[in-house]
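Here is the structure we will look at, set down as structure tokens.
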Amino acid sequence: MVVTPELNYDQLTLGEATLIQQQLRGHLRLEPFQKEIKTIAGADISLTLYSETVFAGLVILSYPELQPIACSLVQSSTIFPYVPGYLAFREIPAILKAYEQIPVKPDLIMFDGNGILHARRMGIASHFGVVTGAVTMGCAKKKLAGQYAEPGASKGEYANVTDKGEVIGYAVRTKENVKPVFISPGHQMSLEDSLAIALKCTGKHRLPEPTRYAHEYVNKFRTGEIKAGYHDLSSWKLF
DNA sequence: GCGACAG
DNA sequence: ATCTTGTCGC
């Protein structure tokens, strides 16, 4: 873990936020992930237009089955604006609350955003990983930084995303004839790990199962279909 | 100055 | 991100 003042992110200036990102970058670890993966979580937030209310959540899936087994939902608020490159300061406080509420932490977390595929190599997935010590990776729907050549149209094809001469992630075709998603390691895993895991989490949709379910659940949470708290989603299957 | 720009 | 209907394509 790392020294982080209070998460007074709401009061930070972009200059201060940049300094925090540069400091956190010094703690990034991208060594290959060794252990066996048994659970993987998807993290995401849902917002209401013109409101500072944030509906955050994580959905834990079994791996490699990719079946939802639990979810943690929390309502929070933020006044930090959305600024490309600083998404972490707007979403992490809320996601952290939902994460702390989980009794048994997942082996790794996939975020709806980037890991090191970021101008300063400190996207939301990397930021959360360094702050909590968790194993993380990113999966964004649009390119934030770098350049890439359009990958082949078949599912599973991919292309490197490079920036200043280094590979910082991949543009991955998770479904035939659909726009690619952008994969990158967040913390405690290698570039290759992130790509391999993303491909194994691909189902019938463009978004990998972890983030797809996370998006679905936080949205149901925002509309009132599901209540806040930690919910076990698999016990009923035992009967 | 110009273009790019996760959610 | 969110507000929204039908519609084209696999």
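Proteins get letters first, then strands, A, B, ... in listed order; numbering begins at 1 in each. FYI, side chains are in, hydrogens and waters are out, and symmetry mates aren't considered; it's all heavy atoms of this structure.
A heavy-atom distance below 4.0 Å to DNA chain B is reached by these residues of residues 85-93 of chain A, ordered by number: A/Gly85, A/Tyr86, A/Leu87, A/Glu91. Within residues 107-125 of chain A, the residues that place at least one heavy atom under 4.0 Å from DNA chain B are, in residue-number order, A/Asp112, A/Gly113, A/Asn114, A/His118, A/Gly123, A/Ile124. Of all the residues in residues 43-60 of chain A, A/Ser46, A/Leu47, A/Leu49 reach under 4.0 Å from DNA chain C with at least one non-hydrogen atom. Heavy-atom distances under 4.0 Å link DNA chain C to A/His215, A/Asn219, A/Arg222 of residues 192-225 of chain A, given in residue order.
For residues 73-87 of chain A, no residue pair satisfies the salt bridge (charged side-chain N to carboxylate O under 4.0 Å, His left out) rule, not counting sequence neighbours. The ring pair (Phe, Tyr, Trp, His ring centres under 6.0 Å) contacts involving residues 89-109 of chain A comprise A/Tyr9-A/Phe89, A/Phe80-A/Phe89, A/Phe89-A/His127, A/Tyr99-A/Phe128, where partners must be two or more places apart or lie in separate chains.
Residue A/Lys141 places at least one side-chain N or O closer than 4.0 Å to OP1 or OP2 of C/dA1.
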Open item on the list: One character per nucleotide, please: for nucleotides 4-10 of chain C, 5' to 3', B when the base has a protein heavy atom closer than 4.0 Å, S when only the sugar-phosphate does, - otherwise.
Closed with: -------

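With sequence neighbours excluded, the residues that form a salt bridge (charged side-chain N to carboxylate O under 4.0 Å, His left out) with A/Asp163 are A/Arg121. A/Glu216 meets the side chain to side chain contact (heavy atoms under 4.5 Å, CB included) test with A/Arg212, A/Tyr213, A/Lys220; sequence neighbours excluded. Take A/Gln101 and apply the side chain to side chain contact (heavy atoms under 4.5 Å, CB included) test, not counting sequence neighbours, and it matches A/Ser72, A/Val74, A/Tyr230.
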Open item on the list: For DNA chain C, please output the secondary structure as dot-bracket, reading 5' to 3'. Pairs are Watson-Crick or G-U wobble, both atom distances under 3.5 Å; mark crossing pairs with [ ], other-strand partners with |, unpaired with a dot.
Closed with: ..........

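Scanning DNA chain B for stems, defined as runs of 3 or more consecutive Watson-Crick or G-U wobble pairs whose donor-acceptor distances all fall under 3.5 Å, gives no such range.
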